[in-house]
Number of protein chains: 2
Amino acid sequence: MTRRTGRRPGNPDTREAILTAARAAFADRGFDATTIRSVAASAGVDPALVHHYFGSKDKLFLAAMQAPLDPGELVPRILAGDPEGVGERLVRAFLGVWDSPAGTAGVALLRTAVTTEWAARLLREFLVTQVLRRIQEHLPGDRRQLPLRGSLAASQLLGLVMMRYVIRLEPVASATPQALVAAVGPTVQRYLTGDLAGVFDDPAGAVAHR
Amino acid sequence: MTRRTGRRPGNPDTREAILTAARAAFADRGFDATTIRSVAASAGVDPALVHHYFGSKDKLFLAAMQAPLDPGELVPRILAGDPEGVGERLVRAFLGVWDSPAGTAGVALLRTAVTTEWAARLLREFLVTQVLRRIQEHLPGDRRQLPLRGSLAASQLLGLVMMRYVIRLEPVASATPQALVAAVGPTVQRYLTGDLAGVFDDPAGAVAHR
DNA sequence: GTCTATATACGGATAGAC
DNA sequence: GTCTATCCGTATATAGAC
């Protein structure tokens, strides 16, 4: 934003246009099926310009993910306050996020992570360090249970995203946020703070071994 | 299996070897990233043979999905009996299926459906006509609620599969089936037969419009 | 800073020999 | 039935002119 000395990194508008087009394309078709040519065409620039700005397709992808994917203090704000309302607040905020530019980046990362290992690692690390860890810090209860509780909640939320934004199966794909909050909120609430009878009292330790 | 008159369709063993290799490859990397050359190499045959047997890459994919993906009367058997145990029985059977050849085909279809529209349609139709519809026929309660109830249950199960077999996020990825049944069973139970307060009593109809 | 031309590589599909 | 050789399209990436 602020002017700096040294070499101009090219027209900022052009750069931003490319990033937006790339984000949309990656979200739509995933990494592999997205061609730099199509991104360039969609942004109204020459394909060579994309290389000029970002160097490679991988770097373009990472740049497109960078800005929007930053939960920052959103998660803590959701978790603070009445512990009994965490589930519904989380689902509501979650649905809101997925309808923003961050959601576009999220779909892109998800679509890519399913087929590409380095993207899967990126998604895992994002979930663990940016989301689950923050949740863990703000929840009461046995510390040792939190990883499983967190990933159970994540599994439900991930399934919701898959149904609504990726596979698009009705009627979940078109349900109102209120209906989904009422339906899924209690599930997330139970996973995070509720009574999970029979899950943790396994003889050899339910979490280990498969 | 049984001998038939007419043209021999080639060595059955070779054909089956190709299908198995293809299923594994598609499950591992999805449709696009899987090359016919690699499938052939993995099956120990010439790439041209694959074309000879299956005609095209698409037809190879469909052939690899055909056999294993057939819920048949598995679903009805799960749903029959005590309605209060449906959730746990469903999750238990579900986890069992995903560790079989059918599971390999399932992962392949899922990985592909995320990026390729015709595969997404295939997955949707499979879920609706082969799974959800059968569930609908064997459940009590308001008929009009069943589509949403079914797709909510599907969202949780899909999320579980994503976590365990695709993204592989711990500790869900390595949790024991028992622990997952205890954790997720009640969720599915509630979606299918439980009290979903606030979900269906929406003024304009919670299912429509978004 | 922007675009043309091209190097390089890969994968699906086919023709045809054996 | 099986394999060799190859056509053809497409995509990333780079070199270099303007």
Residues passing the ring pair (Phe, Tyr, Trp, His ring centres under 6.0 Å) test with A:F31, sequence neighbours excluded, are A:F26, A:F61, A:W118
Those residues at least two apart in sequence (or on a different chain) that pass salt bridge (charged side-chain N to carboxylate O under 4.0 Å, His left out) with A:R77 are A:E73
ask   = Think B:Y53 has a side-chain N or O under 4.0 angstrom from the OP1 or OP2 of D:dG1?
value = no
Rounded to whole Å, CZ of A:R15 lies from C1' of C:dG1 at a distance of 14 Å
A correct 5'-to-3' footprint of nucleotides 12-18 of chain C, with B, S and - meaning base, sugar-phosphate only and no protein heavy atom under 4.0 Å, is BBB----
Here the distance between atom P of D:dG1 and atom NE2 of B:H52, to the nearest Å, is 5 Å
Here the helical stems involving DNA chain D, each at least 3 consecutive Watson-Crick or G-U pairs closer than 3.5 Å, sorted by first residue number, are C:1-18 with D:1-18
Looking only at heavy atoms, the pair that brings A:V172 and B:S151 closest together is CG2-OG, 3.1 Å
Residues passing the side chain to side chain donor-acceptor pair (under 3.5 Å) test with B:R134, sequence neighbours excluded, are B:Q130
With sequence neighbours left out, the residues meeting side-chain contact (heavy atoms from CB on, under 4.5 Å) with B:V161 are B:F94, B:W98, B:L110, B:Y165
What residues 19-26 of chain B contributes to the DNA chain C interface at heavy-atom separation below 4.0 Å is none
Sequence neighbours excluded, the answer for salt bridge (charged side-chain N to carboxylate O under 4.0 Å, His left out) partners of A:E117 is A:R124
Residues passing the side chain to side chain donor-acceptor pair (under 3.5 Å) test with B:E88, sequence neighbours excluded, are none
Contacts satisfying salt bridge (charged side-chain N to carboxylate O under 4.0 Å, His left out) that involve residues 38-50 of chain A (not counting sequence neighbours) are none
Those residues at least two apart in sequence (or on a different chain) that pass side chain to side chain donor-acceptor pair (under 3.5 Å) with B:S100 are none
Hits for side chain to side chain donor-acceptor pair (under 3.5 Å) against A:T35, two or more places apart or cross-chain, chain-then-number order -> A:S38
